[in-house]
Amino acid sequence: MLREEIKVRFCETDALAHVSNTVLVQWFETAREPIFRMFNPELDLKNWPLILASYKVDFLQQIYYGKLVEVRTFVSRIGNSSFDIYQELWQNEQHCATGVTTLVHFDFTLSKTQTINETVRQQLQAHFKV
C-alpha cells in the first residue's frame with residue numbers, strides 16, 4: 001500500500017462547507033504519482049507512457065476543511081497492458097471515499113497499447129490488494 005497525506009485547502013470547499021466532489025479525483029491522481037514513477041521515473045511528460053481509460057469514485061462520508069486526509073493506494077488488477085488502481089480516502093479515521101482508476105500502458109508515437117514489462121509488473125504486484 002502507498003500512502004499520501006494531503007492538507008485540505010480552503011479553496012477546495014464548496015457552498016455546503018465540505019470538500020467539493022471534483023477535488024477527490026485530483027487527490028487520487030496526486031497519490032498515484034509513485035505508480036507513475038514505476039513507468040517513468042523522471043515523470044518526463046514528453047515521454048509519458050500511460051493513458052487514463054476510466055475512473056469511478058464512490059462518496060461514503062463528507063470531507064471537511066481543517067483536517068488532513070490520507071489517500072491509500074493499491075493495485076487491484078494487472079492485465080497485459082492495463083491495470084486498475086484502487087484508492088481509499090480517509091479523514092479522522094473514517095473511510096470517506098473510494099476510487100478505481102484503469103490505466104493503460106500506451107505508446108503515443110505508435111498510438112497503441114504496450115505490454116507491461118516484468119520489472120514494472122513486479123513493482124505493481126508489491127502493492128496488490130484483492
Side-chain angles (χ1 to χ4, degrees):
M1 169 179 40
L2 300 163
R3 294 175 186 254
E4 177 82 25
E5 282 195 342
I6 297 173
K7 182 180 178 184
V8 179
R9 299 178 306 168
F10 182 79
C11 66
E12 294 170 324
T13 60
D14 62 18
L16 299 174
H18 61 249
V19 170
S20 173
N21 60 50
T22 60
V23 173
L24 277 65
V25 174
Q26 295 171 20
W27 289 347
F28 284 152
E29 182 177 54
T30 297
R32 288 195 300 271
E33 187 174 308
I35 302 291
F36 299 158
R37 287 186 184 280
M38 292 176 191
F39 289 86
N40 186 336
E42 293 81 30
L43 300 179
D44 179 2
L45 297 179
K46 293 179 183 168
N47 294 303
W48 196 252
L50 297 169
I51 193 167
L52 181 93
S54 69
Y55 67 85
K56 177 182 184 281
V57 177
D58 290 319
F59 303 94
L60 308 173
Q61 299 284 331
Q62 294 182 63
I63 303 161
Y64 296 97
Y65 173 73
K67 304 255 180 176
L68 290 175
V69 295
E70 179 185 44
V71 181
R72 300 174 185 176
T73 301
F74 308 87
V75 175
S76 58
R77 183 189 65 83
I78 306 171
N80 185 46
S81 60
S82 66
F83 59 101
D84 291 346
I85 303 297
Y86 170 76
Q87 294 175 287
E88 299 175 345
L89 194 138
W90 292 75
Q91 187 180 53
N92 296 331
E93 299 181 31
Q94 289 192 5
H95 187 187
C96 299
T98 60
V100 177
T101 305
T102 300
L103 296 171
V104 179
H105 190 213
F106 195 79
D107 184 322
F108 285 91
T109 304
L110 300 174
S111 193
K112 67 181 226 176
T113 62
Q114 296 285 95
T115 301
I116 299 169
N117 71 46
E118 191 57 35
T119 302
V120 172
R121 186 175 297 278
Q122 289 175 4
Q123 292 173 359
L124 292 170
Q125 188 68 41
H127 302 287
F128 203 77
K129 177 180 183 172
V130 178

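For the salt bridge (Lys or Arg N to Asp or Glu O under 4.0 Å) condition, no pair includes a residue of residues 19-29, sequence neighbours left out. Listed by first then second residue, pairs satisfying salt bridge (Lys or Arg N to Asp or Glu O under 4.0 Å) with a partner in residues 45-59 read Lys56-Asp58, not counting sequence neighbours. Among pairs with a residue in residues 63-79, those fulfilling salt bridge (Lys or Arg N to Asp or Glu O under 4.0 Å) read Arg3-Glu70, Glu70-Arg72, Arg77-Asp84, at least two apart in sequence or across chains. For residues 96-123, the set of pairs meeting the salt bridge (Lys or Arg N to Asp or Glu O under 4.0 Å) definition, not counting sequence neighbours, is empty.
In Phe36, the CZ atom is crowded: over 12 heavy atoms of neighbouring residues, nucleotides or ligands sit closer than 6.0 Å.
Residues Phe106 and Ser111 are in side-chain contact: their nearest non-hydrogen atoms beyond the backbone lie under 4.5 Å apart. The side-chain heavy atoms of Ile6 and Leu89, taken from C-beta on, include no pair separated by under 4.5 Å. Counting only heavy atoms from C-beta outward, the side chains of Ile85 and Phe28 never approach each other to under 4.5 Å. Contact check for Arg32 versus Gln87: side-chain heavy atoms found under the 4.5 Å cut-off. In this structure, the side chains of Leu43 and Arg37 come closer than 4.5 Å at one or more pairs of heavy atoms.
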Check against side-chain contact (heavy atoms from CB on, under 4.5 Å), Val75 and Ile35 = CA-CA 9 Å; Val75 175; Ile35 302 291; 4.2 Å; yes
ask   = How far apart are the C-alpha atoms of Val19 and Val8, what are their side-chain angles, what is the distance that settles it, and do they pass the side-chain contact (heavy atoms from CB on, under 4.5 Å) test?
value = CA-CA 8 Å; Val19 170; Val8 179; 3.6 Å; yes
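With sequence neighbours left out, the side-chain contact (heavy atoms from CB on, under 4.5 Å) criterion links Ser81 to Val104, Thr113. In this structure, the side-chain hydrogen bond (donor to acceptor under 3.5 Å, both in side chains) partners of Tyr64, at least two apart in sequence or on a different chain, are Gln62. Thr22 is linked by a side-chain hydrogen bond (donor to acceptor under 3.5 Å, both in side chains) to Ser20, counting only residues two or more places apart in sequence or in another chain. Scored by the side-chain hydrogen bond (donor to acceptor under 3.5 Å, both in side chains) test, Glu4 finds no partners at all (sequence neighbours excluded).
Proximity of a side-chain donor or acceptor of Asn117 to a complementary backbone N or O of Thr119 within less than 3.5 Å is detected.
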Would you list the atom pairs, donor with acceptor, under 3.5 Å between side chains in residues 47-54 and any protein atom, with sequence neighbours excluded?
from: Asn47; atom 1: ND2; to: Asp44; atom 2: OD2; distance (Å): 2.6
from: Trp48; atom 1: NE1; to: Leu50; atom 2: O; distance (Å): 3.2
from: Ser54; atom 1: OG; to: Thr102; atom 2: OG1; distance (Å): 3.4

Side-chain donor-acceptor pairs under 3.5 Å in residues 123-130, sequence neighbours left out?
from: Lys129; atom 1: NZ; to: Glu88; atom 2: OE2; distance (Å): 3.3

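Distance check, rounded to the nearest 0.5 Å: CH2 of Trp27 to CD of Glu5 gives 12.5 Å. The structure places OG1 of Thr13 at 12.5 Å from CD1 of Ile63, a figure rounded to the nearest 0.5 Å.
Taking the six-membered ring where the residue is Trp, His105 and Phe39 present tilted rings, their angle falling between 30° and 60°.
Under a hydrophobic-cluster definition in which Ile, Leu, Val, Met, Phe, Trp and Tyr are linked whenever side-chain heavy atoms come within less than 4.5 Å, directly or via other members, Val69 and Leu2 are assigned to the same cluster. Leu110 and Ile116 fall into different hydrophobic clusters, where Ile, Leu, Val, Met, Phe, Trp and Tyr are joined by side-chain heavy atoms under 4.5 Å apart, directly or via other members.
Hydrophobic clustering, defined by side-chain heavy atoms of Ile, Leu, Val, Met, Phe, Trp and Tyr closer than 4.5 Å, groups Phe74 together with Met1, Tyr86, Val100. In the hydrophobic clustering, Leu60 connects to no other residue, as no ILVMFWY side-chain heavy atoms lie under 4.5 Å from its own.
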